[in-house]
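Note that ligands are numbered from 1 as they come in the structure, with each ligand's atoms numbered from 1 the same way.
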Amino acid sequence: MDPKVHILTVLRDADQPVSGERLRHSLGCSRVAVWKHVNGLKDQGYPITAGPRGYRLEGGADILLAADFPGREDRIHHFAELDSTMTEARELARRDCPAFTVVVADRQRRGRGRLQRTWHSEAGGLYFTVVVRPELPVQQATWPVFAASLELARLLRERWGVEAGVKWPNDILAGGRKLAGMLSEMEAAGEMLTYVNIGIGLNVNNDPRDSEAGAVSLRELTGAPVSRRELLAAFLDRFEARLRSADLAGVIAAWKRWTVTLQREVRIVTTRETLTGYALDVDADGALLLRTADGQVRRVTHGDCFHQPGGNG
Ligand code: BTN
């Protein structure tokens, strides 16, 4: 095992400070080598403090180490801090990483939201990007993203009892407040996708209200801290099963069961225009069918959706 991963695992599992001597013995190296590894971890952003009784990992119980994802160890790339998991995942995807490679960070310095917004990514939230390689034409690049929002909403409902719904295209809301957002990037060779990267920012134990009015965390909804590790592992299992299943084509129909966007007045903001109208349906490729005031039906493929007052989501 990598010495740094060993140190993190020992510190995380200890309920009191761990002496340099103990680490030195279990690693079979010098105290100076331990000290260098610990400093390296601190430089990577891990909150390790040193006191008279030894080293301590602050808030360590919920550190996301690859070793904590049995069967996925080789595909989990965990960082204490990163600019954006999207950037790292793109590099990996272009270097032919396997499908279901995951880049996860405890904090992001330049987290990205849709429409060039910043996604504030302070400690306690779950920030990750999954690389998928579905054998699909470009037109159906939305399917894996709809699968991700569907499976995340279902998981939050079934495991944590949260009234999660999906706002078009892929936000997760609970009681009208934003719990998670998704961003996707893809590349294709001709007509066929080579990869789709799905970035998910989920408010778990962080407090998102300062950076985004109308946002909520899972901790606030459940009244207790939630294990990011359990959440990520459960999500990846469900998402991978859904993507490997034969009925991915049915994902939009399944997603519609959980959406809070349809049959209501909405406002859609894109980088070019703002549209208002009645959200009639979502078509087979995930585009929103919007009836505008002049009675026409517009097919909207991207944008931010705002529910107009009077609805429940
Ligand atoms: C949105 O609702 O605007 C989308 C937010 C997507 C945020 C996630 S956090 C993990 C991944 N890395 C990023 O920089 N952005 C996505």
Side-chain angles (χ1 to χ4, degrees), residues 45 64 76-93 97 100-132 141-142 144-153 156 164-174 176-186 195-209 211-218 228-229 231-232 235-236 239 255 259-261 266-271 286 288 300-307 313:
L64 301 163
I76 300 273
H77 299 251
H78 171 257
F79 297 82
E81 193 170 287
L82 205 57
D83 275 352
S84 164
T85 58
M86 297 307 285
T87 315
E88 185 70 21
R90 187 195 296 151
E91 293 292 313
L92 291 171
C97 69
F100 301 104
T101 291
V102 177
V103 179
V104 57
D106 292 321
R107 290 180 301 278
Q108 297 182 113
R109 289 182 290 264
R110 293 192 179 82
R112 294 179 354 225
R114 290 200 315 272
L115 302 179
Q116 272 112 48
R117 281 189 310 248
T118 298
W119 184 263
H120 297 278
S121 312
E122 68 275 19
L126 181 57
Y127 314 107
F128 66 101
T129 300
V130 193
V131 180
V132 296
T142 52
V145 196
F146 277 73
S149 54
L150 166 67
E151 290 305 336
L152 184 55
L156 294 170
V166 200
K167 179 164 76 90
W168 184 88
N170 300 113
D171 285 350
I172 307 286
L173 301 190
R177 298 163 78 191
K178 185 158 167 171
L179 194 50
M182 294 190 193
L183 181 68
S184 62
E185 288 180 359
M186 54 122 187
Y195 70 82
V196 181
N197 285 355
I198 303 169
I200 302 181
L202 177 57
N203 299 319
V204 184
N205 302 315
N206 55 314
D207 184 352
R209 289 170 303 181
S211 45
E212 188 164 344
V216 69
S217 72
L218 204 46
R228 295 179 309 150
R229 194 158 26 129
L231 208 170
L232 180 57
F235 168 76
L236 292 173
F239 176 59
W255 177 95
T259 188
V260 287
T261 293
V266 297
R267 181 163 54 90
I268 308 291
V269 179
T270 74
T271 41
L288 183 70
V300 189
T301 57
H302 69 284
D304 241 13
C305 174
F306 297 90
H307 293 163

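Residue Thr142 holds its OG1 atom at 10.5 Å from CH2 of Trp255, rounded to the nearest 0.5 Å. Note that the OG1 atom of Thr129 and the CZ atom of Arg112 stand 8.5 Å from one another [nearest 0.5 Å].
Looking at Glu122, its side chain never comes within 3.5 Å of a backbone N or O of Asn206 through a donor-acceptor pair. Counting only distance, with no hydrogens or angles, the side chain of Thr259 and the backbone of Val166 share a donor-acceptor pair below 3.5 Å. Of the possible donor and acceptor atoms, one in the side chain of Ser121 sits under 3.5 Å from a partner among the backbone N and O of Trp119.
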When you check ligand 1 against the protein, what N or O pairs turn up below 3.5 Å? List the atom names and distances, or just say none.
{"unit_1": "ligand 1", "atom_1": "2 (O)", "unit_2": "Lys178", "atom_2": "NZ", "d": "2.6"}
{"unit_1": "ligand 1", "atom_1": "3 (O)", "unit_2": "Arg114", "atom_2": "N", "d": "2.7"}
{"unit_1": "ligand 1", "atom_1": "3 (O)", "unit_2": "Arg117", "atom_2": "NH2", "d": "3.0"}
{"unit_1": "ligand 1", "atom_1": "12 (N)", "unit_2": "Thr85", "atom_2": "OG1", "d": "3.0"}
{"unit_1": "ligand 1", "atom_1": "12 (N)", "unit_2": "Gln108", "atom_2": "OE1", "d": "2.9"}
{"unit_1": "ligand 1", "atom_1": "14 (O)", "unit_2": "Ser84", "atom_2": "OG", "d": "2.7"}
{"unit_1": "ligand 1", "atom_1": "14 (O)", "unit_2": "Gln108", "atom_2": "OE1", "d": "3.4"}
{"unit_1": "ligand 1", "atom_1": "14 (O)", "unit_2": "Arg112", "atom_2": "N", "d": "2.6"}
{"unit_1": "ligand 1", "atom_1": "15 (N)", "unit_2": "Arg112", "atom_2": "O", "d": "2.7"}

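Using a 4.0 Å cut-off between charged nitrogen and carboxylate oxygen, Glu212 and Arg117 do not count as a salt-bridge pair.
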